Enquirer: 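Sending over a structure as structure tokens; questions will come in a sec.
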Amino acid sequence: MQDTPPRTPKLLSLVAPVYDEELLIEEFVARSTAALADYDFELVLVDDGSKDRTPELLDRMAASDPRVRVIHLSRNFGHQAALTAGLEHAVGDVVAMIDADLQDPPELIPDMVAQWSQGADVVYAVRKERVGETAFKLATASWFYKLFDKLAQVELEPNSGDFRLLDRRALNALLSMTERSRFLRGMTVWIGFNQTAISYDRDPRNAGETKYTLRKMLRFSLDAIASFSHLPLQLATYAGLLSAGLAFIAIPVVIALRIADSYLPGFGSITIAILLLGGIQLIAIGVIGEYVGRIYDEIKHRPLYIVREEINHPASSGRAAVVPVPRAGLGARTPERVP
């Protein structure tokens, strides 16, 4: 990448999903605008159905700064859907995505742009330290990345999150992927292109509380693994074959014991065998059900999100899009905007 002529972004888009962040959102916007002061930029904030004063604060900041674009979704659609909404509405030739909780520092974005200017198409941030997170959160995150590495068909860098910067052509490739169960950090690896990492220390959350409960983290992990691996289905098949093999082996053994008059009938052994086989069958059905449920969600062709209102659209603010923005992810579905 050293031999590539340095590039300069015409318009840098910073996308952040926001949900109930009234205590942090003003500081986030202030730090982000300061960090991007050397660029022509837009800040795309997606209100994911917040129930506190976040929408009011977002509208106020958008009214005072046309570079702050606000997209209000009609309800809470989830982090990955809101992030996708921001990516689809961003018009820059370089687009960065970040969470609004300030654990990922906006001040790192110029360093990411520097990597992009040298030829990288995707720049992802890797956490060296995760200050303020519980031992349980750190342990489960470590387990997830190890499990994902074993099962998935993409190589995801451990301790990398959604804090990433993409060139427009890489983003267009990402937006062409239309699945509903979205794992964006894995999807950005899957598309390929020139990718490079940059490390940083993640700050603790200094206000508000995390929106990722244990239930949401488990759901997110299942979506991630199911999106990039068929191995759970294969494991269910292997378990069935193993059980059937043990049963066929047991048949001649039982016959031989009866002939030798050494067979000792026992209710316990029968019960254990039934529970074992029944448990394996239920696990297999559950795994199949997870994949069938995702197929059902896909064939309904519902929009991934619905926009209730958009403030400071590029056309209304006098700024034209640097490049045409495809809507491959949602344009193929039903309209995503409420008239």
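These figures come from a predicted structure and were not determined experimentally.
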Enquirer: Roughly how far apart are L304 CG and L73 CG, rounded to 0.5 Å?
Expert: 9.5 Å
Enquirer: Considering residues at least two apart in sequence or located in another chain, which fulfil the side-chain hydrogen bond (donor to acceptor under 3.5 Å, both in side chains) criterion with D47?
Expert: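 S50, H72.
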Enquirer: Are any non-hydrogen side-chain atoms of I25 and L58 less than 4.5 angstrom apart?
Expert: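 In contact.
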Enquirer: Ignoring hydrogens and angles, tell me if any N or O in the side chain of T54 forms a donor-acceptor pair with the backbone of E21 under 3.5 Å.
Expert: yes
Enquirer: State the CZ-CG distance between F28 and L57, to the nearest 0.5 angstrom.
Expert: 14.0 Å
Enquirer: Test your reading of the model: is there a side-chain donor-acceptor pair from S117 to the backbone of A114, 3.5 Å cut-off?
Expert: yes
Enquirer: With the side chain counted from C-beta on, respond yes when Q115 and T196 share a heavy-atom pair under 4.5 Å apart, and no when they do not.
Expert: yes
Enquirer: Would you give the length of the straight line joining atom CG of L24 to atom CZ of R31, rounded to the nearest 0.5 angstrom?
Expert: 9.5 Å
Enquirer: Taking L165 as the starting point, is it possible to reach I98 by hopping between hydrophobic residues whose side chains are less than 4.5 Å apart?
Expert: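 Yes; tracing contacts between hydrophobic side chains, which count when under 4.5 Å, links both residues.
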Enquirer: What residues, two or more places apart in sequence or in another chain, satisfy side-chain contact (heavy atoms from CB on, under 4.5 Å) together with S13?
Expert: E42, A90, V95
Enquirer: If hydrophobic clusters are built by linking Ile, Leu, Val, Met, Phe, Trp and Tyr wherever their side-chain heavy atoms come under 4.5 Å apart, do Y305 and M177 end up in the same one?
Expert: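 Both belong to a single hydrophobic cluster.
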Enquirer: Tell me whether the NZ or CZ atom of R75 lies within the 45° cone about the ring axis of F77 and under 6.0 Å from its centre.
Expert: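 Output yes; distance and angle both within limits.
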Enquirer: Under a 4.0 Å N-O cut-off, is there an ion pair linking R169 with D121?
Expert: yes
Enquirer: Between Y39 and V113, is any pair of side-chain heavy atoms under 4.5 Å apart?
Expert: yes
Enquirer: For A63, give me all partners under side-chain contact (heavy atoms from CB on, under 4.5 Å), at least two apart in sequence or on another chain.
Expert: none
Enquirer: Group every Ile, Leu, Val, Met, Phe, Trp and Tyr by side-chain heavy-atom contacts under 4.5 Å, then state whether L175 and L166 land in the same group.
Expert: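 Result: yes, single cluster for both.
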Enquirer: Does any part of the side chain of L11, heavy atoms only, come nearer than 4.5 Å to the side chain of V91, both counted from C-beta?
Expert: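 V91 reaches L11 side chain to side chain.
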Enquirer: Following the transitive rule for hydrophobic clusters with a side-chain heavy-atom cut-off under 4.5 Å over Ile, Leu, Val, Met, Phe, Trp and Tyr, establish whether V70 and M61 coincide in one cluster.
Expert: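 As far as the 4.5 Å side-chain criterion goes, M61 and V70 are connected within one cluster.
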Enquirer: Would you say L171 and L87 make side-chain contact, with heavy atoms under 4.5 Å?
Expert: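 When only atoms from C-beta onward are counted, L87 and L171 do touch, with a gap below 4.5 Å.
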Enquirer: Which heavy atom of A100 sits nearest to which heavy atom of P17, and what is that distance?
Expert: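 Answer, listing the atom of A100 first, then P17: CB-O, 3.9 Å.
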Enquirer: With side chain to side chain donor-acceptor pair (under 3.5 Å) as the test, pick out the partner of H79 among T84, D99, D48.
Expert: D99
Enquirer: Name all residues meeting the side-chain hydrogen bond (donor to acceptor under 3.5 Å, both in side chains) criterion together with D111; count only those two or more places apart in sequence or in a different chain, and write none if there are none.
Expert: none
Enquirer: Suppose we screen for salt bridge (Lys or Arg N to Asp or Glu O under 4.0 Å). Which residues come up paired with E26, at least two apart in sequence or across chains?
Expert: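 E26: no salt bridge (Lys or Arg N to Asp or Glu O under 4.0 Å) contacts found.
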Enquirer: Is D93 paired with R7 through a side-chain N to carboxylate O contact shorter than 4.0 Å?
Expert: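 Answer for the salt bridge query: no.
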Enquirer: List in chain and number order the residues that pass salt bridge (Lys or Arg N to Asp or Glu O under 4.0 Å) with D104, two or more places apart in sequence or in another chain; answer none if no residue qualifies.
Expert: R202
Enquirer: Give every residue pair that meets the ring pair (Phe, Tyr, Trp, His ring centres under 6.0 Å) criterion with at least one member in residues 157-180, sequence neighbours excluded.
Expert: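 Pairs touching residues 157-180 that pass the test: F163-Y200.
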Enquirer: Do L43 and M112 share a hydrophobic cluster, counting only Ile, Leu, Val, Met, Phe, Trp and Tyr and linking them when any side-chain heavy atoms are less than 4.5 Å apart?
Expert: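 L43 clusters together with M112.
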Enquirer: Go through the structure and list residues passing side-chain hydrogen bond (donor to acceptor under 3.5 Å, both in side chains) with R53, not counting sequence neighbours.
Expert: none
Enquirer: Which heavy atom in V94 sits nearest to a heavy atom in P9, and how many Å separate them?
Expert: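 Closest approach of V94 to P9: CG2-CB, 3.8 Å.
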Enquirer: May I ask you to test the V44-L14 pair for a side-chain heavy-atom distance under 4.5 Å?
Expert: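 Side chain of V44 against side chain of L14, heavy atoms only: no contact under 4.5 Å found.
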Enquirer: I need the minimum non-hydrogen distance between G92 and R168, along with the two atoms involved.
Expert: O-NH2, 2.9 Å
Enquirer: Could you report the tightest heavy-atom contact between A170 and F193, atom names first, then the distance?
Expert: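 Here A170 and F193 meet closest at CA-CE1, 3.8 Å.
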Enquirer: Are the side chains of V126 and I198 in touch, meaning some heavy atoms are under 4.5 Å apart?
Expert: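 V126 does not reach I198 side chain to side chain.
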Enquirer: For the backbone of A62 and the side chain of N312, can you confirm whether one donor and one acceptor N or O come within less than 3.5 Å of each other?
Expert: yes
Enquirer: If we ignore hydrogens and angles and just use 3.5 Å, is the side chain of E310 paired with the main-chain N or O of H89 as donor and acceptor?
Expert: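 Absent.
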Enquirer: Locate the shortest heavy-atom distance separating V46 from A85; write the atom from each residue and the value.
Expert: CG1-CB, 4.2 Å
Enquirer: Determine whether L45 and R69 make a side-chain contact, defined as any pair of heavy atoms from C-beta on separated by less than 4.5 Å.
Expert: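 L45 vs R69: side chains apart.
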Enquirer: What is the minimum heavy-atom distance between T188 and R164, and which atoms define it?
Expert: OG1-NH1, 3.1 Å
Enquirer: Among residues at least two apart in sequence or on other chains, which ones pass side-chain hydrogen bond (donor to acceptor under 3.5 Å, both in side chains) with T33?
Expert: none
